[in-house]
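One structure is given here, and the rest of the page talks about it.
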Amino acid sequence: MESRYDIKEVETRIAKAWDDAGYANPDVCVEKGVAKKDAEVFSMILPPPNVTGELHIGHAAMLVIEDILARRNRMQGKRTLWVPGADHAAIATQSKVEKLLQKEEKKSRHDLGREEFLRRVNDYARKSHDFIVTQVKRMGASLDWSREAYTLDDTRERAVRTAFKKLHDLGLIYRGDRVVNWDPKGQTVISDDEVVHEERTAMLYTFRYGTLADGTPFPIAISTTRPETKVGDTAVAVHPSDARYRDFVGKEYDVVFCGVPLHLRVIADEAVEKDFGTGALGVTPAHSAIDWEMAQRHRLPLVPVIDERARMAIAAAPGSPLNGMKTAEARERIVEELRAAGLIEKEEEVPQSVATAERTGAIIEPLPKLQWFIAVDKAFTDPAGRTATLKEHMRDAVRGGGIKIVPAHFEKIYFNWIDHLHDWCISRQIWFGHRIPVWYRGAETFVGAAAPAGEGWKQDPDTLDTWFSSGLWPFSVFGWPPQTEKEKGDLAAYFPNTILETGYDILFFWVARMILMSSALTGQVPFRTVYLHGLVRDAKGQKMSKSKGNGIDPLEMADKYGADATRLSLVIGTSAGNDLKLSEDRIRGYRNFSTKLWNIARFLEMNRPGGADGTHGIVGAAAVADAEKIAARDEAKALAALKREVDAHLDAFEFHLAGEKLYHYLWHTLADVVVEAEKKNLREGTAEEKAESYALLEHLFLDAIALLHPFMPFITEEIWGIFRPGRMLMVEPW
RNA sequence: GGGCGUUUAGCUCAGUGGUAGAGCGUUCCGUUCACAUCGGAAAGGUCGCAGGUCCGAUCCCUGCAACGCCCACCA
């Protein structure tokens, strides 16, 4: 044994040995007899990293927790499958490549055209993918690469098109003209979940539209932070119980507002807040989601006045100077005019939450658009024969106990989200992604997994929200809808997944969507348990980011302190759903632990009977000493108790407690106490005493090392190989 | 506005109905004998605040406060 533990040499060699052995593939385990053919199954998918760049510390934390699960279950003899993959991440990847293109060639995607641009994005995605794969392997993740999948490959495209077709046939996918979240910068529609609300202060203006034909002022004053949208108003809404305005309800008025003729009806609607502003609301059905809904209820006309570039476009007043202005400019102009006309009654600053696009940061412009949606409130009959809405399915999957969420309090957060859920807008005006499997010819529409026969069909130019394909992942990775025997076998064996492990930040984006898709398309829950981990933050608790420069690169840490030490630092000190504060000091601390383990191993080897010179002689000590005698010793009983504790913690998903106890046992019990106590015997004892001492220490050490394997797989595998050559710890019985 | 969570030693966090623990940090001592990437020891906390239940609460209940997160169509 080397006196110094050469982290990089060992970790590289061991990683290759695992690769060669192929035990991450359960079929190989069955073939080689380390798992029984009919053994219990443990299956899990790797949340596919986006092909937008590199592995960050958050990915590393995810890999570690999942690898601990996979390795322990594999050692327990289960047919264990952990499936790797990558996500094309439509919008994220496209905008990344667009940025590069702009920076390096000063070109937009339109300069290249759809085909050439997509070629570039796919190139980028491939390189990014290859890099991520090497990084994932470096962390020691025991994934079955023979089953690797990509959300945009042919098999997954088949799944996406089949899913679209089926959901459409069930009446759950529909095309609708509605006010949607338009991102003027990204030039695409986005879903409600991709909207981020930012707190800002805004000016709230209270004013009257203008003067009526008979010279009297418009009878009701309204309040708004967006006067420029008021040129699109078609009603004024008040609360039904508001006595101040009761007499006006039902009346209609013609008024000219800043040169734009408006026809306004006074309506009564529960959605109006009596105490806000004047208690009267100017209704702009085309540029506000709530107003649009009100307009539906009262059959109000829709008058769009803002275009896709977020500029004014007032059809009713083609000559208006407002046309072509940005909304902010138009707002100023209108306020000035109102001031000049003496129509403003009040101007006050109010806190306001502005809707912005998660990806581009642009302020969302609600616009009426024809888009594809998934209906969440429409009843349908699922493959299991149950009739309910998607919302009900999603609720019942968790409430009925089919899915258990860890930690449990996220169940409440999940239900709260479902309560507020609206129909999911799934079409995007971007190029990278799954093209919507719908073809048009004149007034005809065809929905299907493949293009229709005949001339003149044109496919919908839009693509699908990236979460549409991610939502299918728990079964699409196995080739759903199955065609081959292998796909059928995999689906039957590994779906539903035993567990889904991911970060709590994508509970809605991803976890909820998988439950939605799975219940509608398979009639089953996609997984039995959801374990949610927290975010990795820096030592001050701040989010790590490149711009702040406070990020910790897991690969750099792995090279410096070892993947093992990096792994342990990402597990100890955090628990389910809680954020982890990480510093390089902590990682260094666990590197010291690796060194300690190495030195215990060296000490043992030096004292091995018949091998004092360090040669790997026959492993005879255990045989010489009476195994029963060893097992009866208090030290062995203490270790057995430790194993029970570790098992209990792992069963309860308390990885940090299990890791801490093993750490503490190996260092502060085994090394500091037991080894010290046995030193006398090892040096001065009889041959028999020496053998017993050695056998005891070896027994305790190797058992503890085996328990530690899921946490620190590299060094434990290496040490195991020294004392038990020829057998891989990775598949030793737990 | 609705929902969720956190509050324990300087820092990061465990934990239990019976007058508190770990790691790191600090201080002191030691160490040619597996390991200075080491060993031993010490200092350090009225367990956010106020009530309640109990023989007894840091742990259970109620209220409050501070901090954080998520959601949201009061314009």
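All values reported here derive from a predicted model rather than from experimental measurement. For the numbers below, each heavy atom of this structure counts, side chains included, while hydrogens, waters and symmetry mates do not.
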Checklist entry - Heavy atoms under 4.0 Å, any strand shown: does Arg683(A) hit a base, just sugar-phosphate, or nothing? => result sugar-phosphate
Next on the checklist: Between Ile722(A) and Glu605(A), is there a side-chain heavy-atom distance shorter than 4.5 Å?
Outcome noted: yes
Checklist entry - Just checking Ile600(A): base, sugar-phosphate only, or nothing, at a heavy-atom cut-off of under 4.0 Å? => result base
Checklist entry - Is the shortest heavy-atom distance from the side chain of Thr389(A) to the side chain of Val376(A) under 4.5 Å? => result no
Checklist outcome for this item: Checking N1-N3 plus N6-O4 or O6-N4 for Watson-Crick, or N1-O2 and O6-N3 for wobble, each under 3.5 Å, the partner of C74(B) is none
Checklist entry - If we take the C1' atom in both U62(B) and U53(B), what is their distance in whole Å? => result 11 Å
Checklist entry - Given atom CZ of Phe276(A) and atom P of A75(B), what is their separation to the nearest angstrom? => result 5 Å
Item to check | G18(B) to A57(B) separation - P atoms, rounded to the nearest Å | outcome: 11 Å
Next on the checklist: Classify Phe415(A) by what it touches in the nucleic acid, base, sugar-phosphate, or nothing, heavy-atom distance under 4.0 Å.
Outcome noted: nothing
Item to check | Nearest listed nucleotide, side chain of Glu273(A), among C35(B), C73(B), A75(B) | outcome: A75(B)
Any protein N or O atoms within reach of nucleotides 38-42 of chain B? Criterion: under 3.5 Å, listing atom names and distances.
from   : atom 1 : to        : atom 2 : distance (Å)
C38(B) : OP1    : Asn592(A) : ND2    : 3.4
C38(B) : O3'    : Lys596(A) : NZ     : 3.4
G39(B) : OP1    : Trp667(A) : NE1    : 2.3

Checklist entry - Is a side-chain donor-acceptor pair under 3.5 Å present for His239(A) with Glu273(A)? => result no
Item to check | Interatomic distance at C1', C64(B) relative to U7(B), whole Å | outcome: 14 Å
Checklist entry - Which nucleotide, A75(B), C73(B), G2(B), lies nearest any side-chain atom of Asn416(A)? => result G2(B)
Next on the checklist: Suppose we define a pair by two distances each less than 3.5 Å, Watson-Crick or G-U wobble; what does A66(B) pair with here?
Outcome noted: U6(B)
Item to check | Sugar-phosphate only, base, or nothing, as touched by Glu228(A) at under 4.0 Å among non-hydrogen atoms | outcome: nothing
Item to check | Rounded interatomic separation in angstrom, taking CD from Glu198(A) and P from C69(B) | outcome: 14 Å
Checklist entry - Less than 4.5 Å apart, any side-chain heavy atom of Leu697(A) and any of Val674(A)? => result yes
Checklist entry - For Leu604(A), which contact category applies under a 4.0 Å heavy-atom criterion: base, sugar-phosphate, or nothing? => result nothing
Next on the checklist: Under a 3.5 Å distance rule, please check whether Thr284(A) uses its side chain to pair with a backbone N or O of Ala286(A) as donor and acceptor.
Outcome noted: no
Next on the checklist: Tell me the interatomic distance from Asp419(A), atom CG, to C71(B), atom P, rounded to whole angstroms.
Outcome noted: 15 Å
Next on the checklist: What's Ala601(A) touching, base or sugar-phosphate or nothing? Going by heavy atoms closer than 4.0 Å.
Outcome noted: nothing
Checklist entry - What nucleic acid atoms does His422(A) come within less than 4.0 Å of, heavy atoms only: base, sugar-phosphate, or nothing? => result base
Checklist entry - Expressed as a whole number of Å, how far does the P atom of C59(B) sit from that of U8(B)? => result 13 Å
Item to check | Whole angstrom value for the distance that separates C1' of C4(B) from NE2 of His420(A) | outcome: 12 Å
Next on the checklist: Can you check the distance between G1(B) and A72(B), where both ends of the measurement are the C1' atom (answer in whole Å)?
Outcome noted: 8 Å
Checklist entry - Which base sits across from A20(B) as a Watson-Crick or G-U pair, both distances under 3.5 Å? => result none
Item to check | Residue pair Leu642(A) / Leu662(A), side-chain heavy-atom distance below 4.5 Å | outcome: yes
Checklist entry - Is it true that a side-chain atom of Trp598(A) and a backbone atom of Glu2(A) form a donor plus acceptor pair closer than 3.5 Å? => result yes
Checklist entry - Would you say the base of A34(B) and the side-chain of Glu676(A) have a donor-acceptor pair closer than 3.5 Å? => result yes
Checklist entry - When the ring centroid of Tyr590(A) is compared with that of Tyr663(A), is the distance short of 6.0 Å? => result yes
Next on the checklist: If you assign Arg586(A) and Phe410(A) each to the RNA chain B nucleotide with the nearest heavy atom, which residue ends up on the more 5' nucleotide?
Outcome noted: Phe410(A)
Item to check | Assigned partner base of U53(B), Watson-Crick or wobble definition, under 3.5 Å | outcome: none
Checklist entry - Expressed in whole Å, how much space separates the C1' atoms belonging to A22(B) and A34(B)? => result 25 Å
Next on the checklist: In this structure, how many angstroms lie between the C1' atom of C35(B) and the CE atom of Met1(A), rounded?
Outcome noted: 11 Å
Next on the checklist: Between G17(B) and G30(B), how far apart are the two C1' atoms, rounded to whole Å?
Outcome noted: 42 Å
Item to check | Any donor-acceptor N/O pair under 3.5 Å between A22(B) base and Lys661(A) side chain | outcome: no
Item to check | P-based separation of G45(B) from G21(B) [nearest Å] | outcome: 14 Å
Next on the checklist: Regarding Val675(A), tell me which of base, sugar-phosphate or nothing describes its non-hydrogen contacts under 4.0 Å with the strands shown.
Outcome noted: base
Checklist entry - How close or far is atom C1' of C24(B) from atom CD1 of Ile572(A), stated in whole angstroms? => result 13 Å
Checklist entry - What about the rings of Tyr531(A) and Phe655(A), do their centers lie closer together than 6.0 Å? => result yes
Checklist entry - Are any of Lys274(A)'s side-chain N or O atoms less than 4.0 Å away from OP1 or OP2 of C74(B)? => result no
Next on the checklist: Mind checking if Thr225(A) touches a base, just sugar-phosphate, or nothing, with heavy atoms under 4.0 Å?
Outcome noted: sugar-phosphate
Next on the checklist: Tell me whether the NZ or CZ atom of Lys643(A) lies within the 45° cone about the ring axis of Tyr665(A) and under 6.0 Å from its centre.
Outcome noted: no
Next on the checklist: Nearest heavy atom decides the nucleotide; on that basis, is Lys412(A) or Lys679(A) closer to the 5' end of RNA chain B?
Outcome noted: Lys412(A)
Checklist entry - Quick one: Tyr504(A) OH to G68(B) P, roughly how many Å, whole number? => result 14 Å
Checklist entry - For C70(B), does either OP1 or OP2 sit under 4.0 Å from a side-chain N or O belonging to His409(A)? => result no
Next on the checklist: In whole Å, I'd like the distance from the CG atom of Asp242(A) to the C1' atom of C74(B).
Outcome noted: 14 Å
